Amino acid sequence: MQQDVLSGKVDADTLLPDLVDWVSCDYYNLFYNTETGEHRASPASRRGNAAYALRQSFKKSDLTKLLKKSTISYETTSGIYSHLLFFTLTVDHKEMSRDEANYFVTAKGKGISRFFARFEKCIKGGYSKVIAKESTTSGYPAVHVILYLETPLKVRWHHKSGTYRPDPTDPYTRSVLGKLKNLNDWNSRSPLWRVGFVDVYAFTRDCMGMKGYTNPINYIAKYISKSLDLEGIPDIDKCKRVSDLPMKFRTRVWTILNSLIWNSQTWILSKSFKEDLKKIKEQRPPSPWVWVDTVHISNPFLYEWMGWDIHSLLRGTVFPASAGASP
């Protein structure tokens with residue numbers, strides 16, 4: 001599929017009906033409780049559906065906990081220094097097509113990995129990162145990056161945007177910022193990203209908000225931790241293209257569609273974040289529920305598993321049979 005889209009054989013804009021079919025397809029996971037013998041069935045997680053969104057909301061909550069435990073900033077007589085930055089990387093439409101841009105930000109495209117290889121040469125000490133890829137209304141990628149730096153940057157309040165930004169009056173901060181932005185022309189391409197633009201925000205322990213969200217994790221997860229509510233998008237089943245949808249729905253649709261086409265990871269986490277998340281999970285008590293199988297909604301075993309009399313179900317008279325039976 002990726003090669004067909006890249007070559008122009010398939011127009012990604014026309015894959016909206018396929019996305020609707022994907023999200024609408026009903027599969028269920030079957031679970032068995034080893035302590036009580038209970039049976040349960042829950043919708044299988046598929047990108048874009050409610051079960052997938054719920055799983056991502058759990059990870060969002062865990063990442064938020066990690067941020068809250070971190071030292072975000074400190075203040076000295078010379079100013080405020082922040083360990084926590086937020087980048088948004090976008091691609092100049094004149095540089096490459098929508099599909100080339102989406103390929104560029106994949107692991108195979110190596111655009112993001114090369115950016116960070118160059119970035120590492122500009123900073124002192126290490127860093128941890130969380131990356132999430134959103135799409136714009138045009139289908140181009142917007143790569144959101146939360147960075148936790150070992151060596152902080154000096155920051156100051158930017159009145160026009162109502163946010164903290166790196167302070168170029170500090171020599172070290174200026175040297176890093178000058179690689180990310182052209183300090184003589186802030187609207188030009190980033191010297192480090194090279195194919196487009198980098199927007200840079202900073203946070204302090206007292207100012208963690210991000211465009212109406214309480215923290216940057218919540219901001220980058222706004223489309224990841226919400227399902228693609230097909231019923232909430234008028235006539236989506238009648239539209240043949242994403243570009244046929246009203247503008248306000250295109251970002252969320254393109255975000256899910258592009259993640260499927262390009263097989264993008266929902267979250268890209270550095271090693272330190274992964275290890276910290278693992279520690280959080282290990283602190284939770286083990287669950288007695290074990291996975292048994294995944295079946296389609298049309299599979300009779302689903303109803304037998306849940307204790308329904310399949311013969312009565314087919315006749316239109318539904319009533320519980322032996323609920324809680326052992327597998």
Side-chain angles (χ1 to χ4, degrees), residues 1-6 10-31 41-64 98-99 101-109 112 130-146 217-233 236-237 239-245 248-269 273-274 277 281 291 293-298:
M1 173 62 76
Q2 293 179 3
Q3 289 303 316
D4 287 344
V5 171
L6 272 177
V10 174
D11 183 356
D13 194 24
T14 65
L15 295 177
L16 177 61
D18 299 273
L19 176 63
V20 172
D21 289 342
W22 166 269
V23 176
S24 302
C25 194
D26 291 319
Y27 282 88
Y28 282 80
N29 287 320
L30 308 183
F31 294 96
S42 63
S45 173
R46 292 166 69 86
R47 291 193 196 201
N49 72 4
Y52 178 83
L54 181 62
R55 287 180 58 194
Q56 304 316 313
S57 68
F58 292 151
K59 182 170 286 189
K60 177 187 74 173
S61 297
D62 287 345
L63 285 169
T64 300
R98 176 194 66 211
D99 301 320
N102 279 295
Y103 175 75
F104 181 75
V105 300
T106 64
K108 290 182 179 179
I112 296 176
V130 177
I131 301 175
K133 299 171 191 175
E134 185 184 325
S135 293
T136 63
T137 55
S138 63
Y140 272 79
V143 182
H144 298 310
V145 185
I146 296 174
I217 293 291
N218 287 346
Y219 175 74
I220 66 173
K222 60 184 180 293
Y223 293 114
I224 296 172
S225 58
K226 291 183 179 179
S227 63
L228 185 58
D229 181 11
L230 300 180
E231 294 181 0
I233 303 178
I236 188 171
D237 56 331
C239 294
K240 301 300 182 183
R241 293 174 173 268
V242 179
S243 56
D244 292 338
L245 296 171
K248 65 179 181 179
F249 299 117
R250 293 180 196 173
T251 294
R252 73 175 82 165
V253 172
W254 270 122
T255 297
I256 298 297
L257 180 57
N258 278 327
S259 72
L260 288 168
I261 294 173
W262 305 104
N263 195 29
S264 297
Q265 293 173 270
T266 303
W267 308 85
I268 300 175
L269 307 176
F273 272 119
K274 287 181 179 178
L277 284 178
K281 291 179 180 179
W291 174 84
D293 199 359
T294 300
V295 297
H296 189 262
I297 193 172
S298 62

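Because the structure is predicted, anything quoted here is derived from the model rather than measured.
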With sequence neighbours left out, the residues meeting ring-ring contact (aromatic ring centres under 6.0 Å, His included) with Y140 are H93
With sequence neighbours left out, the residues meeting ring-ring contact (aromatic ring centres under 6.0 Å, His included) with F104 are W193
With sequence neighbours left out, the residues meeting side chain to side chain donor-acceptor pair (under 3.5 Å) with T136 are S138
Are N263 and T106 side-chain neighbours, meaning at least one heavy-atom pair lies under 4.5 Å? no
Residues passing the salt bridge (Lys or Arg N to Asp or Glu O under 4.0 Å) test with R98, sequence neighbours excluded, are D11
Residue set satisfying salt bridge (Lys or Arg N to Asp or Glu O under 4.0 Å) with K60, at least two apart, ordered chain then number -> none
Sorted by chain and number, sequence neighbours left out, side-chain contact (heavy atoms from CB on, under 4.5 Å) with D237 holds for none
The complete set of salt bridge (charged side-chain N to carboxylate O under 4.0 Å, His left out) pairs with one or both residues in residues 131-146, sequence neighbours excluded, reads E134-K222
With sequence neighbours left out, the residues meeting side chain to side chain donor-acceptor pair (under 3.5 Å) with T255 are none
Contacts of D13 meeting side chain to side chain donor-acceptor pair (under 3.5 Å) (sequence neighbours excluded), chain-then-number -> R241, S243
Worksheet item: Do K59 and I224 have side chains that get closer than 4.5 Å, going by heavy atoms?
Response: no
| query | Does any non-hydrogen side-chain atom of W262 lie less than 4.5 Å from one of L6? | reply | yes
Across all chains, not counting sequence neighbours, the side chain to side chain donor-acceptor pair (under 3.5 Å) partners of N49 are none
So do Y28 and I297 actually touch side chain to side chain, heavy atoms under 4.5 Å?
yes
* Output yes when a side-chain donor or acceptor of W291 lies under 3.5 Å from a complementary backbone atom of D293, and no otherwise. => yes
- prompt: Just wondering, do N102 and I261 contact through their side chains at under 4.5 Å, heavy atoms?
  reply: no
Contacts of F249 meeting side-chain contact (heavy atoms from CB on, under 4.5 Å) (sequence neighbours excluded), chain-then-number -> I233, P234, P246, R252
> Would you say the side chain of V5 lies within less than 4.5 Å of the side chain of Y103, judging by non-hydrogen atoms?
Replying inline: no
Please table the atom pairs, donor to acceptor, closer than 3.5 Å between any side-chain atom in residues 16-27 and protein atoms at least two apart or in another chain.
unit_1 : atom_1 : unit_2 : atom_2 : d
W22    : NE1    : R47    : O      : 3.0
S24    : OG     : V20    : O      : 2.7

